[in-house]
Every structure is written in structure tokens, then in C-alpha cells.
Colleague: 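Structure incoming, see below.
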Amino acid sequence: MTDHRLDILAALADEITARKAVSPDQSYTAKLLTQGVEKCAKKLGEEAVETALAAVLRDKAHITSEAADLLYHLLVLLEASGVALADVMAELARRKAMSGLAEKAARPKD
């Protein structure tokens, strides 16, 4: 099994939580968090687009860099929204128990 180093993701989530107590003048993370969910969501969207564009260019180093930015901004948005990374991981574990097609079919229809 590949070592995906998910401990780094968990440690980053903890660091983001800790940055809430730091002055926005001293921390980019704290600044984002004080700007609210809307700003955090906007940054996540920007990073998602940049990651997708890097993928289209098939530039692995650029994809890697943008994906790191994307994961960071996702964790910031989760923190700003009051959603724990552990809850997201639990949802992924729940979904792993069924096929992707079955999981998608079981989602509520809008």
C-alpha cells in the first residue's frame, strides 16, 4: 500500500485551527479565516481552476503545486465553515463501503 502521508493533512488541519488565535497581520491563514466563508470559498474555487488548468497542461510539477494549494484552501474553508476534517474522512469511509455508482444514485435529488 502506498504511504500517502495523510498525517500531514491532519497536521495541517490542526495548524489551521490554531491559526484562528493568531493576528491576521501575522498569518495569511488567520487573515483568510477572518474574511469569512465567502472569501475562503472564492480562494478554493480559484485554486480548483488553477489545478484543473495545470492538469490540462499535463505539467506534473505544476499540478503538484496547485493541488497542494487546493488542499490547503479546502482545509481553510472547512475550518471557516465549522466542518472537521474527521467528519469528511468519516464520510469518505462511509462511501467506500459502496460502489461509486451506487453512492451517487443514493444521493438526494435536487
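Position 1 is the first residue of the sequence; numbering continues from there.
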Colleague: Ignoring hydrogens and angles, tell me if any N or O in the side chain of Ser65 forms a donor-acceptor pair with the backbone of His62 under 3.5 Å.
Modeller: no
Colleague: Counting C-beta onward and ignoring hydrogens, is there a side-chain heavy-atom pair between Leu53 and Leu57 closer than 4.5 Å?
Modeller: no
Colleague: Supply the atom-to-atom distance Ile63 CD1 to Leu70 CG, rounded to the nearest 0.5 angstrom.
Modeller: 12.0 Å
Colleague: Suppose the criterion is side chain to side chain donor-acceptor pair (under 3.5 Å): which pairs have a residue in residues 45-59, not counting sequence neighbours?
Modeller: Lys43-Glu46
Colleague: Please determine if Glu38 and Lys42 form a salt bridge, counting it only when a charged side-chain N lies under 4.0 Å from a carboxylate O.
Modeller: no
Colleague: Throw together a table of side-chain donor-acceptor distances under 3.5 angstrom for residues 71-87, partners on residues two or more places apart or in other chains.
Modeller:
| residue | atom | partner | partner atom | Å |
| --- | --- | --- | --- | --- |
| Tyr72 | OH | Thr29 | OG1 | 2.6 |
| Glu79 | OE1 | Thr17 | OG1 | 2.6 |
| Glu79 | OE2 | Lys20 | NZ | 3.0 |
| Ser81 | OG | Leu77 | O | 2.9 |

Colleague: Out of curiosity, does Tyr28 fall in the hydrophobic cluster containing Val22 (side-chain heavy atoms, cut-off under 4.5 Å, transitive links)?
Modeller: no
Colleague: Looking only at heavy atoms, what is the nearest atom pair of Ala30 and Arg19, with distance?
Modeller: CB-O, 3.3 Å
Colleague: Considering residues at least two apart in sequence or located in another chain, which fulfil the side chain to side chain donor-acceptor pair (under 3.5 Å) criterion with Asp7?
Modeller: Arg5
